[in-house]
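Below is one structure, written out as structure tokens, with a few remarks after it.
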Amino acid sequence: MARNSEKAMTKLARFYKMKMEEGTGKGEKRPYLASDCHDLKKAETWRRELISDISKKISQIQNPGLGEFRIRDLNDEINKLIRVKYHWERRLRELGGPGYRFRGACKMDRTGVCVPGTENTGGYRYFGAAKDLPGVRELFETEPPPPPRRTRGELMRFVDADYYGYRDDDDGLLIPLEKEAELKAVKAAVEAWKQQQLTGTSQSMDTEDDSIQADLDELEGELDEVMPLTEPLQKFVAHVPDIPSQEDVQASILQAKKMELLKQYASEEMILQAEESRQILGYSK
């Protein structure tokens, strides 16, 4: 028994198919230029055929396993068919048909993504797996926004005496480091002078040996008076008034309560007498 594909290829089957397509125009080949079509009904048929082809290719391009070259070819074919569809829609408008282009892009066209900045110019679109191709993914990556710029007033809030270095010596760390560096520099200069004396490069130094040696002894004596490095560093100097201790605070509170009770239960004369007797006895409070 013959298969269905073999039955479709018989002369009778092909003749019957040709007769059935005569009235619908499906058997005709689509004109290369849309301007060559002068029949509104045929133009509608060609547009529907283009939409069907575009839909099939969009379904095919969703498969990332087709390979990079096949996906690029499919994406190019889809963009070409979309441009042809726009030409036929314009021709339909010229023949008195509906204005498809003025209704906005169809849902099928919106599945493609344009490069940022070319959305309103009918630019090249990427469909399906073409969006993830090498070199395409980078086109849609958006740069992070720049950090907000600070105003002059915000910057001036962080400018204080520490910014200008006025309180660098208050922590007691800089002075010992300066003395240490000074001590090392002086010792290095003394050692260099002694080495120069031993080599005897100059005859005039012998006449001044006694005076220079005396100066060196005096300088070494002054260096010995410099604070040794083994001593602990100075504590931080706080430029604030003396803070009362916990005992002082409790004593002041107690005295305030006593004065409040005296004002309630004693007259002014009794308070003055108590103050005088307290002064005579030598009590400060």
Side-chain angles (χ1 to χ4, degrees), residues 64 68 71-72 75 79 82-83 86 101-192 219 222-257 259-260:
E68 179 181 352
I71 291 174
R72 290 186 185 274
N75 201 74
N79 279 273
I82 288 175
R83 289 196 299 270
Y86 287 161
R101 295 191 61 186
F102 299 99
R103 299 178 183 177
C106 63
K107 184 178 180 181
M108 181 178 55
D109 295 347
R110 289 196 297 269
T111 57
V113 181
C114 288
V115 178
T118 62
E119 294 87 353
N120 299 326
T121 59
Y124 192 87
R125 293 178 177 271
Y126 293 92
F127 297 85
K131 302 174 186 177
D132 298 326
L133 290 175
V136 179
R137 190 185 302 107
E138 291 78 4
L139 296 175
F140 302 102
E141 292 180 354
T142 57
E143 297 182 359
R149 189 175 181 180
R150 292 186 177 181
T151 61
R152 187 178 183 87
E154 292 177 350
L155 295 175
M156 291 301 294
R157 287 190 303 175
F158 301 99
V159 177
D160 52 5
D162 292 331
Y163 177 80
Y164 295 101
Y166 289 146
R167 295 185 292 197
D168 290 345
D169 300 338
D170 291 350
D171 54 0
L173 297 176
L174 186 59
I175 294 177
L177 294 176
E178 290 179 348
K179 288 183 178 181
E180 181 183 358
E182 182 182 1
L183 181 61
K184 289 182 180 179
V186 173
K187 285 185 177 180
V190 171
E191 292 295 333
L219 181 60
E222 293 178 358
L223 291 175
D224 294 337
E225 296 177 359
V226 178
M227 183 183 67
L229 299 178
T230 56
E231 293 184 3
L233 298 177
Q234 296 180 359
K235 295 183 178 180
F236 178 77
V237 180
H239 300 282
V240 295
D242 295 335
I243 300 175
S245 62
Q246 187 70 20
E247 291 78 7
D248 297 338
V249 174
Q250 292 178 358
S252 61
I253 293 173
L254 182 60
Q255 181 64 24
K257 289 182 178 180
M259 295 301 297
E260 186 178 356

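Computed from a predicted model, the values in this text were never measured in an experiment.
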Open item on the list: Walk me through whether Y126 and L133 qualify under side chain to side chain contact (heavy atoms under 4.5 Å, CB included).
Closed with: CA-CA 10 Å; Y126 293 92; L133 290 175; 5.9 Å; no

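When every heavy atom of P134 is checked against every heavy atom of R72, the shortest pair comes out as O-NH2, 3.2 Å. The shortest heavy-atom contact between P64 and I71 is O-CD1, 4.0 Å. In terms of heavy atoms, N75 sits closest to A130 at OD1-CB, 3.5 Å.
Using a distance-only test at 3.5 Å, with no hydrogens or angles considered, a donor-acceptor pair links the side chain of E138 to the main chain of G135.
Going from atom CZ of R150 over to atom CE of M156 covers 13.5 Å, rounded to the nearest 0.5 Å. Distance CD/E191 to NZ/K187: 9.0 Å, rounded to 0.5 Å. The CG atom of D248 sits 9.5 Å away from the CD atom of Q250 when rounded to the nearest 0.5 Å.
For E154, the CD atom counts as densely surrounded, since its 6.0 Å shell holds more than 12 non-hydrogen atoms of other residues, nucleotides or ligands.
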